[in-house]
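Before any comments, here is the structure.
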Amino acid sequence: MIRLSPEHLQTIRAHAESAYPEECCGIILGYLASEGKIVVEVIPTENAWNTEASAEFSGERTAESKRRQYAIAPEVMLKTQKEARNRSLNIIGIFHSHPDHPAIPSECDRLYAWQGYSYIIVTVQNGKAGELQSWSLDDRHQFQAETIKNIK
């Protein structure tokens, strides 16, 4: 389970709409508690997918654009991780959008996902954010739906 505030969800949806028709992406900071992952902050990031980023991946992913792929720059991940640690927080997930596609992970999402993280996907249909779902990898590296709970 992942617990977010309505403000966190609104930040994700607004970022997704502003990036449309390209995929948006961002980092989720928080901590683990007995009641699941608690989100403290969501940080919208630039979609750094480009020719250089695609060189690090193989297969059909290299032919795709920001309309179907996202990447968070390694230096942004590292800087955010250091800042989170200074606040006694962790990166607990990643969010991104699926423009004109369902909020279901793609095979590429699965191949490049990390266990332990939550992956929130928001669908954006014709520029308007819609369904939002969270996913996490099981021990067989398959995505399983993760419950989203609102916190005040």
Is there a donor-acceptor pair closer than 3.5 Å between any side-chain N or O of [X] and the backbone N or O of [Y]?
X	Y	result
H101	P99	yes
R67	P21	no
Q115	D138	yes

Original post:
Does E46 CD have over 12 foreign heavy atoms under 6.0 Å away?
Top reply: no
Let me check something: do [X] and [Y] share a hydrophobic cluster, defined by ILVMFWY side-chain heavy atoms less than 4.5 Å apart, either directly or through other members?
X	Y	answer
I2	W114	no
W135	V122	no
V39	I148	yes

Subject >> Distance-only polar pair, side chains of E23 and N47, donor-acceptor under 3.5 Å >> reply: no
Spacing of [atom1] belonging to [X] relative to [atom2] belonging to [Y], to within rounding of 0.5 Å:
X	Y	atom1	atom2	value
T147	R3	OG1	CZ	10.5 Å
L29	R87	CG	CZ	6.0 Å
K149	E35	NZ	CD	11.5 Å
I120	S136	CD1	OG	11.0 Å

Original post:
For F143 and D109, what are the C-alpha separation, side-chain angles and deciding distance, and is it a side chain to side chain contact (heavy atoms under 4.5 Å, CB included)?
Top reply: CA-CA 9 Å; F143 274 115; D109 290 339; 4.2 Å; yes
With a 4.5 Å limit on heavy-atom distance, are the side chains of [X] and [Y] in contact?
X	Y	answer
P105	R110	no
P102	T123	no
I92	Y117	no
I104	I121	no

N/O donor-acceptor pairs under 3.5 Å from side chains in residues 4-12, not counting sequence neighbours:
unit_1 : atom_1 : unit_2 : atom_2 : d
S5     : OG     : E7     : N      : 3.3
S5     : OG     : E7     : OE1    : 3.2
S5     : OG     : H8     : N      : 3.1
S5     : OG     : H8     : ND1    : 3.1
H8     : ND1    : S5     : N      : 3.0
H8     : NE2    : V40    : O      : 3.1
T11    : OG1    : E7     : O      : 3.0

Original post:
Hey, what else clusters with M1 if you join Ile, Leu, Val, Met, Phe, Trp, Tyr whenever side-chain heavy atoms sit under 4.5 Å?
Top reply: none
Subject >> Under the side-chain hydrogen bond (donor to acceptor under 3.5 Å, both in side chains) test, residues paired with E17 that sit two or more places apart >> reply: none
Original post:
What heavy-atom pair brings H15 and F95 nearest, and what distance separates the two atoms?
Top reply: CD2-CE1, 3.7 Å
**OP:** Mind checking ring-ring contact (aromatic ring centres under 6.0 Å, His included) for H96 and listing every partner two or more places apart, or none if nothing turns up?
**Re:** Y70, H98
Original post:
Taking only residues two or more places apart in sequence, or in another chain, which ones meet Y20 in a ring-ring contact (aromatic ring centres under 6.0 Å, His included)?
Top reply: none
Give every donor-acceptor pair under 3.5 Å between a side-chain atom in residues 72-85 and any protein atom, sequence neighbours left out.
unit_1 : atom_1 : unit_2 : atom_2 : d
K79    : NZ     : E83    : OE2    : 3.4
T80    : OG1    : V76    : O      : 2.8

